[in-house]
Amino acid sequence: MSKVFITTSIPYVNAEPHIGFAMELAQGDALARYYRAKLGEDQVFFLNGTDEHGSKIDKKAKETGIEPQKFVDRITQKFIDLGKALNISNDDFVRTTSDRHKKSATDLWRRCQKDIYKKNYKGLYCSGCEEFKTEKELVDGLCPVHRTKPEPVEEENYFFALSKYAPKLRELIESDELKITPELRKNEVLGWLREGVQDISVSREKLKLSWGIPVPGDPDQVMYVWVDALSNYITGAGFPDSHEKWWNEETLKIHVVGKDILRFHAIIWPGLLLSAGLPLPNIIYAHGHITSDNQKMSKSLGNVIDPFSLIQKYGADAVRYYLLAKIPWDDDGDFSSDKFQAVYKGELSDNWGNLLNRLVVLGGKSKSQISDLKSQNIGSNPELAGFRFNNFIEKQITELARINREINETEPWKLITSEPDKAKKIIEKWLQDYYQISQELSFVAPRSFEKVEKAYSTGQAVQLFPRVEW
RNA sequence: CGCGGGAUGGAGCAGUCUGGUAGCUCGGGUGGCUCAUAACCACCAGGUCGCGGGUUCAAAUCCCGCUCCCGCACCCA
């Protein structure tokens with residue numbers, strides 16, 4: 001494997017960032033940091049971005065009386081801020097309203113032209129919302145907002161011949177050439193493919209969707225979300241002028257997405273790429289969702305978790321750690337204040353943090369050269385490479401517990417006076433092991449690892465995870 | 001309807017493929033240690049493994065039936 005290209009999905013900026021997207025960022029970032037450590041800094045590219053077009057945003061902006069661009073600028077800034085607050089090491093950030101992206105999406109459209117045709121689109125249109133509604137959105141056949149019956153409206157749109165690629169996609173996914181993980185999701189996608197794939201509408205009349213990228217050669221039509229948003233991944237790679245460096249057959253290309261948007265990433269996106277004659281991603285990893293106190297997060301329930309306040313109180317590392325360690329990698333997981341605090345105290349403060357001080361002090365007393373005990377070997381890591389973040393962290397925690405147990409059994413504080421040479425040797429081994437473990441955990445909690453490094457350099461104890469009052 | 005996933009001590013999970021005295025983390029209790037962020041270590045309590053049948057010397061694990069929960073196309077990480 002030569003290079004690795006990792007993306008998170010691009011969140012729609014009609015609402016502020018929440019904890020679920022923070023998890024996706026943390027996952028992508030842990031992968032990026034791991035592969036950088038293993039393959040070298042310049043061998044890895046980690047991409048983030050935002051999805052900024054669409055009638056929903058246009059409408060919301062109008063309601064608040066500001067220009068759509070100003071509106072998306074404001075929310076996008078919050079996503080950028082979240083990345084910074086979480087200490088995310090992304091190499092680039094693609095906004096779908098940027099010029100380079102418009103160019104990229106337009107070019108992708110052109111490359112897919114042979115599979116794009118005009119057809120009547122029938123949909124249920126609510127004139128109050130000024131947008132098409134899906135059957136699912138309706139409540140008793142009425143628009144939930146306006147309590148009116150949406151009109152069946154027909155308009156001419158462009159369609160993409162997705163159905164044509166269904167057999168090929170099935171083949172690629174079955175063989176793992178396009179790997180969908182976890183297995184459960186792969187089966188789900190294969191199930192969808194078996195049920196049959198329809199051609200998809202990829203444009204809207206400009207009158208109904210003005211906030212978007214114009215269809216090349218047809219000023220009356222605007223691209224619908226598929227081509228517009230999904231193409232951000234190749235925009236980030238440099239499409240259409242210089243993407244070959246990253247978007248090629250040799251690079252391991254990984255999309256980290258939520259299970260809710262797996263369908264688009266596993267079927268529509270590869271379909272577009274096949275049509276355009278571009279390489280396909282290698283792996284699509286779909287994570288689950290986070291519930292808050294075992295309930296779906298919703299504004300009306302008031303149980304939405306704000307990542308910013310959490311980070312402010314406990315630090316980015318603790319939040320990243322919880323999201324990667326305690327939300328199952330392949331399923332939904334729960335967040336609650338109690339659980340978070342238990343993990344913060346039990347695993348971070350009492351184990352990883354406290355053990356550092358135990359060892360640094362013992363190292364000092366045994367006259368060990370602590371700064372020389374930094375082991376440096378990042379090997380292959382099947383857990384991380386396989387997105388099993390929980391297992392990966394659990395392994396490290398088990399190792400920390402092992403050292404704690406050995407310390408109790410060995411009683412080095414007695415050995416230091418009775419058998420100083422033996423004590424020094426044992427303590428140095430622990431210090432080496434501890435450094436190794438911390439280095440592995442640095443992918444999850446980079447700032448804490450920096451503190452460990454500092455403690456080793458100076459020989460001074462440091463509070464990795466200070467007690468927090470709650 | 002159908003398809004897929006799940007149901008294991010108070011909580012969260014592993015074990016099910018390849019049957020053989022039910023395991024881990026947290027929480028609770030008792031004791032130990034004193035190097036450390038009142039941290040660490042040991043031990044103990046606690047489970048009819050969703051329900052009912054069947055196969056077997058032996059079933060959480062295999063087979064049949066049932067109950068309940070969750071997800072399934074353009075809203076959502």
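First the proteins, then the strands, lettered A, B, ... as listed; each starts at 1.
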Which part of the nucleic acid, if any, lies within contact of A/G20, taking any heavy atom under 4.0 Å across all strands shown: a base, the sugar-phosphate backbone alone, or nothing?
-> base

For the pair A/Y285 and A/H255, evaluate ring-ring contact (aromatic ring centres under 6.0 Å, His included) and give the outcome as yes or no after the intermediate values.
-> CA-CA 6 Å; A/Y285 161 60; A/H255 293 313; over 10 Å; no

A/L184 side chain, from C-beta outward: closest of B/A77, B/A42, B/G4 | B/G4

Taking only heavy atoms on the protein side, list every residue of residues 355-363 of chain A lying under 4.0 Å from any atom of RNA chain B, sorted numerically.
-> A/N357, A/R358, A/V361, A/L362

Residue-level proximity of residues 413-425 of chain A to RNA chain B when a heavy atom falls under 4.0 Å | A/W413, A/K414

When the nearest nucleotide of RNA chain B is assigned to A/G353 and to A/A401 on a heavy-atom basis, which residue is associated with the more 5' position?
-> A/G353

Is the Lys NZ or Arg CZ of A/R74 less than 6.0 Å from the centre of A/F71's six-membered ring, within 45° of the axis?
-> yes

Establish whether the base of B/C40 is bridged to the side chain of A/N408 by a donor-acceptor pair shorter than 3.5 Å.
-> yes

Distances for protein N or O near nucleotides 7-10 of chain B N or O, under 3.5 Å:
none

Between A/K345 and B/A39, is there a side-chain N or O to OP1/OP2 distance below 4.0 Å?
-> yes

NA contact type, A/W226, heavy-atom cut-off 4.0 Å: base, sugar-phosphate, or nothing?
-> base

What does A/F264 touch in the nucleic acid at a heavy-atom separation under 4.0 angstrom: a base, only the sugar-phosphate, or nothing?
-> nothing

Between B/A77, B/C41, B/U37, spot the one nearest the side chain of A/L464, thanks.
-> B/U37

Side chain of A/S175, backbone of A/E171: donor and acceptor closer than 3.5 Å?
-> yes

Within the structure shown, what part of the strands sits under 4.0 Å from A/K365 by heavy-atom distance: base, sugar-phosphate, or nothing?
-> sugar-phosphate

So what does A/R263 hit on the nucleic acid, given a heavy-atom distance under 4.0 Å: a base, only sugar-phosphate, or nothing?
-> base

Taking OP1 and OP2 of B/A39, is either one under 4.0 Å from a side-chain nitrogen or oxygen of A/R467?
-> yes

Under 4.0 Å between any heavy atoms, over every strand shown, what does A/E188 touch: base, sugar-phosphate, or nothing? Just pick one.
-> nothing

A/N390 CG - B/A14 C1' separation (whole Å) = 12 Å

For B/A22, what is the paired nucleotide under Watson-Crick or G-U wobble rules, both distances under 3.5 Å?
-> none

Measure the acute angle between the ring planes of A/Y456 and A/Y434, then classify it against the limits of 30° and 60° as parallel, tilted or perpendicular.
-> parallel

What is the base-pairing partner of B/C40, counting Watson-Crick and G-U wobble geometry with both distances under 3.5 Å?
-> B/G32

Compare all side-chain heavy atoms of A/I311 with those of A/L86 and state whether any distance is below 4.5 angstrom.
-> yes

Do A/E399 and A/R402 sit within salt-bridge range, that is, some charged N less than 4.0 Å from a carboxylate O?
-> yes

Look at the side chain of A/H289 and the base of B/A77, then say whether one donor and one acceptor between them are separated by less than 3.5 Å.
-> no

Validate the cation-pi geometry between A/R204 and A/Y224: distance from NZ or CZ to the six-membered ring centre under 6.0 Å, angle to the ring axis within 45°.
-> yes

For the residue pair A/Y233 and A/H265, does the interplanar ring angle fall in the parallel (under 30°), tilted (30 to 60°) or perpendicular (over 60°) class?
-> tilted

Can you tell me the Watson-Crick or wobble partner of B/C72, both distances under 3.5 angstrom?
-> B/G2

